[in-house]
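Only one structure is covered here, and it is reproduced in the block below.
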Amino acid sequence: MNFIKRKTWQISENEVTSKELFDNRRTFLKLGAASLVASGSIIEALAKDQLPVQNLKFIKDNNPNNLVLNTYEQITSHNNFYEFTTNQSRVKDLAYTLNTNNWKIEVDGLIEKPVTLDFDDLVKKFALEERIYRFRCVEGWSMVVPWIGFELSKLIKYLKPLSSAKYIRFETLYDDDMFPDQARTVFGAIDYPYVEGLRIDEAMNELVIMAVGLYGSSMPKQNGAPIRLIVPWKYGFKSIKSIAKISFTNEQPLNTWQKENPKEYGFYANVNPKVDHPRWSQAKERVLGKFLKQNTLMFNGYEKEVAYLYKGMDLRKEF
Ligand SMILES: Nc1nc2c(c(=O)[nH]1)N[C@H]1C(S)=C(S)[C@@H](COP(=O)(O)O)O[C@H]1N2
Ligand SMILES: [Mo]
């Protein structure tokens, strides 16, 4: 059993069983239990009935940098998910057609043994962790999200790619019954399926997660249910949603946005306030729900953790 003994002040709201919390929410708050938690945001939102049922068990992120979380409402009502619509406020109303039952991920390419992973098994195999990360879209908006997931590195080790595999490639599900924009064969917004990729050494960095939820509960459909990638130091488009296929390759994958517009979007897409998008500056960003803009940080604030990956590269050319 992986029971870790901690001081009372390290007990997270997640460890107080959700049953206790829901049965006795008022008393819980009156007793000052909020003082036991690292960040009160989840308790606050629960008290206001703004969160869905907390159905995931996970290891809490103590949020050492005190990032201010965006609300569940903000995170789930402003979305980029072109398979539904390019209208960011409409995704949440259209996403019900995505059926995540019996979800499979096909794995092929440079790997000892191609397999089909079952999502439900996968979630049981790897311990879930909360990761509170900044998330920066290339369009200039950002948010802070308490994702729940497991490290991609653990999945890669489990899958045992061949040493000749230099890249990992992901595909979103292709199903035109579930995704209305995939059914618009001629006038669709982009070519489907949506594709993304990482170099294997990037993919092995411990910041990269396969996210299966946020705010303690399963991934909302509009955010990429049931499982998506999160690469917090790269522009949001790298964080591909609703993954149905993984391939190991020795060639750099042609990711969707590079294919659509290679002058504006590359493979790396590292957040970089000094390299502007051809049509706008990337120096600042607007946090969802905020009026004033804030400075964008190099590698989205994760320079210490990831700069080694790009030593010797010209980040203006390899954007
Ligand atoms: N399959 C798929 N994945 C996707 C997208 C998409 O349109 N389709 N949009 C990307 C972009 S541009 C961003 S900013 C994020 C948005 O994630 P969110 O809706 O959870 O904020 O998802 C990324 N992953
Ligand atoms: Mo984005």
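Order of appearance sets the numbers: ligands from 1, and atoms from 1 within every ligand.
With Arg228, Glu139, Glu171 as candidates, the residue nearest to atom 17 (O) of ligand 1 on a non-hydrogen basis is Arg228.
Considering every non-hydrogen atom in both Ser242 and Trp103, the closest pair reads O-CZ2, 3.5 Å.
Heavy-atom contacts from other residues, nucleotides or ligands closer than 6.0 Å to NZ of Lys290 number 12 or fewer. When the shell of 6.0 Å around OH of Tyr96 is examined, it contains 12 or fewer heavy atoms from other residues, nucleotides or ligands. At most 12 heavy atoms of other shown residues, nucleotides or ligands fall within 6.0 angstrom of atom CD in Glu73.
Ring geometry for Tyr310 against Tyr268 counts as perpendicular: the plane angle is over 60°, on a 0 to 90° scale with 30° as the lower cut.
In this structure, the protein non-hydrogen atom closest to atom 3 (N) of ligand 1 is Lys241 N, 3.2 Å. For atom 7 (O) of ligand 1, the nearest non-hydrogen atom of the protein is Tyr82 N, 2.8 Å. Taking atom 21 (O) of ligand 1 as the reference point, the nearest protein heavy-atom neighbour is Met143 CE, 3.1 Å.
Remark: ligand 1 atoms within the under-4.0 Å shell around heavy atoms of Phe81 are 1 (N), 6 (C), 7 (O), 8 (N). Under a 4.0 Å criterion applied to the non-hydrogen atoms of Cys137, ligand 1 contributes the atoms 14 (S). Close approach of ligand 1 to Asn223 (heavy-atom distance below 4.0 Å) involves ligand atoms 18 (P), 20 (O).
If you look at Tyr265 and Trp257, their ring centroids are closer than 6.0 Å.
Looking at Thr172 next to ligand 1, an N or O pair under 3.5 Å apart turns up. Any N or O atom pair closer than 3.5 Å counts here, and Trp257 shares no such pair with ligand 1.
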**Message:** Apply side-chain hydrogen bond (donor to acceptor under 3.5 Å, both in side chains) to residues Lys60 and Asn62 and explain how you reach the verdict.
**Reply:** CA-CA 6 Å; Lys60 173 94 185 138; Asn62 285 321; over 6 Å; no
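We find that Glu202 and Lys234 are joined by a salt bridge, their nearest charged nitrogen and carboxylate oxygen being less than 4.0 Å apart.
With a 4.0 Å cut-off on non-hydrogen atoms, Tyr194 touches ligand 1 through its side chain and not its backbone. Contacts between Asn80 and ligand 1 below 4.0 angstrom, taking non-hydrogen atoms only, involve backbone and side chain alike. Only the side chain of Glu83 comes within contact range of ligand 1, with a heavy atom under 4.0 Å; no backbone atom does. Counting heavy atoms closer than 4.0 Å to ligand 1, residue Trp141 contributes side-chain atoms (C-beta onward) but none from N, CA, C or O.
Ligand 1 has Phe135 within reach: a non-hydrogen atom of the residue lies less than 4.0 Å from it. In this structure, Ser239 has a heavy atom closer than 4.0 Å to ligand 1.
Relative to the six-membered ring of Phe267, Lys238 meets both conditions, a distance below 6.0 Å and an angle of at most 45° to the axis.
Judged by distance alone, with hydrogens and angles left aside, the side-chain atoms of Asn79 form no donor-acceptor pair with the main-chain N or O of Val91 at under 3.5 Å.
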